[in-house]
Amino acid sequence: GAGVSQSPSNKVTEKGKDVELRCDPISGHTALYWYRQRLGQGLEFLIYFQGNSAPDKSGLPSDRFSAERTGESVSTLTIQRTQQEDSAVYLCASSSGLALTYEQYFGPGTRLTVT
Amino acid sequence: GESVGLHLPTLSVQEGDNSIINCAYSNSASDYFIWYKQESGKGPQFIIDIRSNMDKRQGQRVTVLLNKTVKHLSLQIAATQPGDSAVYFCAENYGGSQGNLIFGKGTKLSVKP
């Protein structure tokens, strides 16, 4: 079946602009995760959803970052007033549940470049 | 704060040799560990996991070793192939929920033909 998809694959934006990144999880996966990966670095956890609910938003780097999920499907990560330090690959993953027995499946990521 | 780290940022091996990728973790409460493989331009892919009540787990050509005494995790790849070239990340978890995965910085494995 189809895997996790993300769009756009690449986004170049000017400093100060808002951007919206989209994630389409695997159908039926109730858990969805967003990560940020800076060049040459590991994954930085941002937020997760169980259904449409995000129990813990403390991983978001600042109040310029927000995420939502509707219909237990698509999720969007919005970055307002982008800064150059926001440049990174943003990865989305989904799993059948939150328990560790469920594997996370990752999308290919959106590469965001803020100029 | 506590974090997952890696001993070697890059590793170059000859095709057919065995590879060993190391990872140190500092959170003694972590009870679950995962190794991921990330090929260029792709998202990470699960390779193998291990719980803290085990010290060794084997998969297909891969073995994960956990040494809780020194808080060390390693991934061994047998008969390394060119297709194994990628960045390998370890991740630790505590609390039993996938919302608490903490990733290391990664080791880049290059396989020479």
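So you know, we letter chains A, B, ... as the sequences are listed, proteins then strands, and number each from 1.
Proximity to chain B among residues 80-89 of chain A is not found for any residue, judged by heavy-atom separations below 4.5 angstrom. Near-neighbour residues of residues 107-115 of chain A relative to chain B, defined by a heavy atom under 4.5 Å from a heavy atom of that chain, comprise A:G107, A:P108. Heavy-atom proximity under 4.5 angstrom to chain A picks out B:P44, B:F46, B:R51 from residues 44-60 of chain B.
Side chain of A:S75 to main chain of A:E68: a donor-acceptor pair is present (N/O by atom type, distance under 3.5 Å, no hydrogens or angles).
Contact detail for A:W34 and A:Q6: the closest heavy-atom pair is CZ3-NE2, 3.8 Å.
Between A:H29 and A:Y105, the ring-plane angle classifies as tilted under the 30° and 60° cut-offs. Using the six-membered ring where Trp is involved, A:F106 and A:Y35 have ring planes that are tilted, between 30° and 60° apart.
When heavy atoms are compared at a cutoff of 4.5 Å, A:L43 approaches chain B by way of both its backbone and its side chain. Heavy atoms closer than 4.5 Å to chain B are found in the side chain of A:Q37, but not in its backbone.
Here B:Y25 and B:F33 bring their ring centres to under 6.0 angstrom of each other. In summary, the aromatic rings of A:F45 and B:F103 are positioned with their centroids too far apart to meet the 6.0 Å limit. Taking the ring centroids of A:F49 and A:Y33, they lie at or beyond the 6.0 Å cut-off.
B:S19 and B:T80 share a side-chain donor-acceptor pair at under 3.5 Å. B:E92 and B:S30 share a side-chain donor-acceptor pair at under 3.5 Å.
Qualifying salt bridge (charged side-chain N to carboxylate O under 4.0 Å, His left out) partners for A:E72, counting only residues two or more places apart in sequence or in other chains: none.
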Checklist line | B:R61/B:D84 under salt bridge (charged side-chain N to carboxylate O under 4.0 Å, His left out): CA gap, chis, key distance, verdict | finding: CA-CA 11 Å; B:R61 282 202 305 120; B:D84 295 327; 2.9 Å; yes
